[in-house]
Enquirer: 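Pasting in a structure now, in structure tokens, and then I'll have a few things to ask.
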Amino acid sequence: MAIVLVASCFAVPAFAVEDNAEETTVSQLGDPIYLLDGCCIIIEPTVRSLTRGSMLELSRTATVYNEDVEKTCSLTLKAIFLVNSNNTITCISSLYDTNVYLNGWAVEEPSSTCSDHGTYSVATATALARKRVLGILVKNVRLTVGIKAYSDGSYEYNP
């Protein structure tokens with residue numbers, strides 16, 4: 001019994017420690033972005049939700065899939081832009097929405113920003129998609145979703 005007690009004091013955890021967790025930054029490509037372990041991220045194209053007068057509502061979603069091609073979690077950016085009469089545009093709202101589809105995954109530290117630059121404005125949402133096994137961080141994926149809108153009503157998703 002004493003041997004078992006002493007041996008358990010020197011037990012080594014079987015999972016990777018947080019410092020060894022894979023960290024991946026997701027680009028703005030529309031095609032799947034594959035990670036080393038078979039997971040992938042798909043960033044859906046910008047969707048023009050509604051145009052009312054001089055208002056432009058756009059959204060974009062980044063979804064993380066595991067190696068079995070199951071949705072794990074997602075980050076959505078929802079932005080509203082105001083096209084002004086003086087050929088400028090203003091980002092009036094930049095909001096994020098997160099979803100978790102599988103146990104063990106989480107979307108942490110989400111945030112969104114707006115920035116105006118005269119003839120164009122940029123809305124951005126960022127977050128960390130993290131997977132934990134028995135409380136140990138085993139995957140850390142940085143998500144960034146952006147929309148750049150112009151005063152002529154056009155937009156792009158790679159600001």
Side-chain angles (χ1 to χ4, degrees), residues 8 11-52 55-83 89-117 120-150 152-159:
S8 67
V12 179
F15 296 98
V17 294
E18 187 168 332
D19 293 337
N20 293 334
E22 175 185 354
E23 181 169 334
T24 305
T25 299
V26 176
S27 69
Q28 295 291 316
L29 300 175
D31 295 327
I33 301 153
Y34 293 97
L35 306 178
L36 297 176
D37 64 356
C39 293
C40 75
I41 295 96
I42 297 176
I43 301 180
E44 298 172 17
T46 299
V47 177
R48 179 178 250 162
S49 301
L50 176 66
T51 304
R52 275 184 280 133
M55 302 278 285
L56 184 61
E57 292 187 30
L58 302 168
S59 66
R60 190 133 197 267
T61 301
T63 305
V64 179
Y65 292 83
N66 66 11
E67 58 279 358
D68 296 324
V69 196
E70 298 172 304
K71 279 185 181 182
T72 63
C73 58
S74 65
L75 170 68
T76 300
L77 168 64
K78 298 175 183 179
I80 301 174
F81 300 93
L82 175 64
V83 179
I89 189 166
T90 305
C91 179
I92 59 174
S93 175
S94 175
L95 303 172
Y96 62 84
D97 187 24
T98 63
N99 287 299
V100 176
Y101 306 103
L102 286 180
N103 288 336
W105 283 86
V107 180
E108 300 175 354
E109 302 176 28
S111 66
S112 60
T113 61
C114 274
S115 61
D116 298 323
H117 305 277
Y120 71 93
S121 288
V122 177
T124 307
T126 60
L128 296 172
R130 291 181 168 155
K131 180 181 179 183
R132 289 185 172 82
V133 176
L134 298 175
I136 307 293
L137 182 65
V138 296
K139 180 163 287 301
N140 189 40
V141 181
R142 185 174 307 282
L143 300 173
T144 301
V145 182
I147 301 170
K148 185 176 187 179
Y150 296 92
D152 65 359
S154 64
Y155 56 88
E156 63 182 76
Y157 58 84
N158 194 9

Enquirer: Hey, what do you get for CD1 (I147) to OG1 (T124), rounding to the nearest 0.5 Å?
Expert: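 Taking CD1 in I147 and OG1 in T124, the distance rounds to 9.0 Å.
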Enquirer: Please report the closest heavy-atom contact between Y101 and K71, naming both atoms and the distance.
Expert: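 Distance-wise, the nearest heavy atoms are CB-O, 3.3 Å.
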Enquirer: Under the criterion side chain to side chain donor-acceptor pair (under 3.5 Å), I'd like the reasoning laid out for T61 against S74: C-alpha separation, chi angles, the key distance, then a yes or no.
Expert: CA-CA 7 Å; T61 301; S74 65; over 6 Å; no
Enquirer: Should M55 and I80 count as side-chain neighbours, where that means a heavy-atom distance under 4.5 Å?
Expert: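 In contact.
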Enquirer: Counting neighbours of CG on N103 that are heavy atoms of other residues, nucleotides or ligands and sit closer than 6.0 Å, is the number greater than 12?
Expert: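 Atom CG in N103 is not crowded, with 12 or fewer foreign heavy atoms closer than 6.0 Å.
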Enquirer: So do L58 and F81 actually touch side chain to side chain, heavy atoms under 4.5 Å?
Expert: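 A side-chain contact under 4.5 Å exists here.
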Enquirer: Kindly indicate whether the side chain of V100, heavy atoms from C-beta on, has any atom under 4.5 Å from the side chain of T72.
Expert: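 No, every pair of side-chain atoms sits at 4.5 Å or beyond.
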Enquirer: Minimum heavy-atom separation for V145 to A62, with atom names?
Expert: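 Looking at all heavy atoms of both residues, the closest pair is CG2-CB, 3.6 Å.
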Enquirer: What are the two closest non-hydrogen atoms of I42 and Y65, and how far apart are they?
Expert: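 That would be CD1-CE1, 3.9 Å.
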Enquirer: Check whether any side-chain heavy atom of L56 sits under 4.5 Å from a side-chain heavy atom of L82, and report yes or no.
Expert: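 No - every pair of side-chain heavy atoms lies 4.5 Å or more apart.
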Enquirer: Any chance you could measure C91, atom SG, to D116, atom CG, to the nearest 0.5 Å?
Expert: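 The distance works out to 6.0 Å.
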Enquirer: Within a strict 4.5 Å, meaning less than it, do heavy atoms of the V138 and R132 side chains meet?
Expert: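 With C-beta onward as the side chain, the pair stays apart.
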Enquirer: Salt bridge check, R142 against E109: does any charged N sit closer than 4.0 Å to a carboxylate O?
Expert: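 No, E109 and R142 are not salt-bridged.
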Enquirer: Spell out, as yes or no, whether a donor-acceptor pair under 3.5 Å connects the side chain of D68 to the backbone of E70.
Expert: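 Pair absent, no side-chain N/O of D68 close to backbone of E70.
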Enquirer: How many angstroms lie between atom OG of S112 and atom NZ of K78, to the nearest 0.5 angstrom?
Expert: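 NZ of K78 is found 11.5 Å from OG of S112.
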Enquirer: Got a second to check how far Y155's OH is from R60's CZ, nearest 0.5 Å?
Expert: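 If I round to the nearest 0.5 Å, the distance is 10.5 Å.
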Enquirer: For a 4.5 angstrom cut-off between non-hydrogen side-chain atoms, does V107 reach L128?
Expert: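 When only atoms from C-beta onward are counted, L128 and V107 do not touch, as no gap falls below 4.5 Å.
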Enquirer: Can you list everything that forms a disulfide bond (SG atoms under 2.5 Å apart) with C73? Sequence neighbours excluded, please.
Expert: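 None.
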Enquirer: Go through the steps to decide whether K139 and W105 satisfy the test side-chain contact (heavy atoms from CB on, under 4.5 Å), and finish with yes or no.
Expert: CA-CA 9 Å; K139 180 163 287 301; W105 283 86; 3.4 Å; yes
Enquirer: Atom CD1 of I33 and atom SG of C39: how far apart are they, to the nearest 0.5 Å?
Expert: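 SG of C39 is found 13.0 Å from CD1 of I33.
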Enquirer: Give a yes or no on whether the backbone of A123 and the side-chain of S94 come within a donor-acceptor separation of less than 3.5 Å.
Expert: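 Answer holds: no.
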Enquirer: Walk me through it: do L143 and I43 pass the test side-chain contact (heavy atoms from CB on, under 4.5 Å)?
Expert: CA-CA 10 Å; L143 300 173; I43 301 180; over 6 Å; no
Enquirer: Is any side-chain heavy atom of Y96 less than 4.5 Å from a side-chain heavy atom of L75?
Expert: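 With C-beta onward as the side chain, the pair touches.
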Enquirer: Does the side chain of K148 come within less than 4.5 Å of H117's, by heavy atoms?
Expert: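 Counting from C-beta outward, H117 and K148 never come under 4.5 Å.
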Enquirer: Rounded to the nearest 0.5 Å, how far does CG of L137 lie from NZ of K131?
Expert: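 Going from NZ on K131 over to CG on L137, the span is 11.0 Å.
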